[in-house]
Amino acid sequence: MARRNSISSTAQQPLVTWEAVSYASPNSFTVAGRNATSDYAIGTVVKDFSGRFASVVYASYNGTDTTVLLSDDVCFSGMTRIGRATKIIGPNACVGGTPIAGGYHSAQYAQGYAFDGRFDTWFLSTQVDIGVAGEAWIGYTFAAAKKIRWFAIVQANYAAGITSSIAAVNLQYYNGSTWVNAPTYNYALNAIAGVPEMRVQAAHSYSSTQWRLLAAANVVTTGCKWGVIDVRMGE
């Protein structure tokens, strides 16, 4: 039985590199005179003077300056610098809790199989075809509230005519009455079966015992259900 190694790292405070920038809007700033798109890749965490965090949604270079869009409004008129934090990813938090889902195809494809660390089992949604987007989801109920800021997913497309992948998911948390989009919530996936993908969002203040990945696109192959081999989440 094939098994995957867990994603983990040593917990520590992120190192911060301060850089001169100028205000562009409440959720964007400009780095003058250079192409800084590689320094501010999607998911990069930044910090302002007061200690608030946000993550990069997009960075573009116009040939002279770089404009960086952020997940949260941490920029202000008159700002002179921003702190670029190293990415510190904690261990997989999906242990000791309960896998949840918006329905599954059969007991053989229940949500728990997306969290067992194996390549030879997977979750399969009850929703099919054009009914997948906005309806099918896979998630986790944690024993204690978590501030999820990264997830890793491996999609399935193994059973011909039954299982397929999707091209986008939304990361959401439950606030006690409804599901809410996380600060950076819409993630494009490569939709290639069996390829691990990792996405990082802001170091935010939203905490919940329940987090989920909601299908934001229909299955790639017509007539199939959404298949997920593995999901991991962490702070």
Side-chain angles (χ1 to χ4, degrees), residues 2-4 6-7 89 91-143 145-159 162-175 178-182 184-201 206-221 223-235:
R3 293 180 179 272
R4 299 182 58 219
S6 61
I7 300 171
I89 303 299
N92 177 31
C94 296
V95 292
T98 305
I100 54 177
Y104 53 86
H105 174 61
S106 67
Q108 182 183 354
Y109 303 104
Q111 59 265 26
Y113 291 112
F115 298 92
D116 63 1
R118 292 169 53 168
F119 256 16
D120 57 350
T121 61
W122 57 86
F123 159 77
L124 192 58
S125 69
T126 188
Q127 296 83 6
V128 63
D129 209 304
I130 60 173
V132 169
E135 296 295 335
W137 56 270
I138 182 75
Y140 204 82
T141 298
F142 299 95
K146 303 288 183 184
K147 297 178 181 179
I148 297 301
R149 61 172 294 261
W150 68 264
F151 70 87
I153 185 171
V154 183
Q155 298 191 81
N157 194 27
Y158 293 158
I162 299 176
T163 310
S164 185
S165 51
I166 62 174
V169 293
N170 292 344
L171 178 63
Q172 299 182 321
Y173 64 92
Y174 192 68
N175 69 0
T178 188
W179 290 97
V180 181
N181 289 329
T184 305
Y185 67 91
N186 194 319
Y187 293 87
L189 305 179
N190 64 30
I192 300 176
V195 177
E197 292 190 72
M198 188 172 184
R199 297 291 183 266
V200 181
Q201 66 158 25
Y206 301 99
S207 182
S208 177
T209 57
Q210 291 187 307
W211 288 80
R212 74 178 185 179
L213 298 179
L214 173 68
N218 289 314
V219 293
V220 174
T221 305
C224 289
K225 299 170 184 288
W226 183 27
V228 179
I229 299 170
D230 190 71
V231 175
R232 296 155 194 252
M233 301 179 180
E235 295 182 298

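By convention here, the first residue in the shown sequence is residue 1.
- Asn92 places no side-chain N or O within donor-acceptor distance of the main-chain N or O of Arg232, the cut-off being under 3.5 Å.
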- Task: Evaluate the side chain to side chain contact (heavy atoms under 4.5 Å, CB included) criterion for residues Phe142 and Cys94: first the C-alpha distance (whole Å), next the side-chain angles of each, then the deciding distance (0.1 Å), finally the verdict.
- Result: CA-CA 7 Å; Phe142 299 95; Cys94 296; 4.0 Å; yes

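- Among the candidates Asp230, Ile138, Leu213, Ile229, the single residue satisfying the side chain to side chain contact (heavy atoms under 4.5 Å, CB included) test with Ile153 is Leu213.
- When all heavy atoms are compared, the tightest approach of Thr126 to Gly102 is CG2-O, 3.8 Å.
- Smallest separation of non-hydrogen atoms from Ala191 and Ser165: O-OG, 2.8 Å.
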- Stepwise side chain to side chain contact (heavy atoms under 4.5 Å, CB included) test for Ile166 and Asn218: CA-CA 6 Å; Ile166 62 174; Asn218 289 314; over 6 Å; no

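- Separation of the Trp211 and Tyr173 ring centroids falls under the 6.0 Å cut-off.
- Take Asp129 and apply the side-chain hydrogen bond (donor to acceptor under 3.5 Å, both in side chains) test, not counting sequence neighbours, and it matches no residue.
- Closest approach of Lys225 and His105 over heavy atoms only: CE-ND1, 3.1 Å.
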- Query: Where do Glu197 and Val154 land on the side chain to side chain contact (heavy atoms under 4.5 Å, CB included) test, with the steps shown first?
  - Reply: CA-CA 6 Å; Glu197 292 190 72; Val154 183; over 6 Å; no

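- Partners of Val195 according to the side-chain contact (heavy atoms from CB on, under 4.5 Å) rule, which considers only residues two or more places apart in sequence or in another chain, are Asn190, Ile192.
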- Task: Assess whether side chain to side chain contact (heavy atoms under 4.5 Å, CB included) is satisfied between Val220 and Ser164, documenting all intermediate values.
- Result: CA-CA 6 Å; Val220 174; Ser164 185; 3.7 Å; yes

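- The side-chain hydrogen bond (donor to acceptor under 3.5 Å, both in side chains) test applied to Thr121 returns Asp116, not counting sequence neighbours.
- The cationic atom of Arg212 (NZ for Lys, CZ for Arg) lies less than 6.0 Å from the six-membered ring centre of Trp179 and within 45° of the ring axis.
- Nearest heavy atom pair, residue Val228 against residue Ala114, reads O-CB, 4.0 Å.
- The shortest non-hydrogen separation linking Val132 to Ala217 is CG1-O, 3.8 Å.
- Ring centers of Tyr113 and Tyr104: at least 6.0 Å apart, outside the cut-off.
- Here the closest non-hydrogen pair linking Lys147 and Ser207 is CG-CB, 3.9 Å.
- A donor-acceptor pair under 3.5 Å is formed between the side chain of Arg199 and the backbone N or O of Ala188.
- Atom OH of Tyr174 has more than 12 neighbouring heavy atoms from other residues, nucleotides or ligands inside a 6.0 Å radius.
- Separating the CD atom in Gln127 from the CH2 atom in Trp137 is a distance of 10.0 Å, to the nearest 0.5 Å.
- Side-chain polar atoms of Gln155 and Trp226 form a donor-acceptor pair below 3.5 angstrom.
- Looking at heavy atoms from C-beta onward, Val169 lies in side-chain contact with Leu189 at the 4.5 angstrom threshold.
- Side-chain contact between Ile148 and Tyr140 is absent, with no heavy atoms from C-beta onward closer than 4.5 Å.
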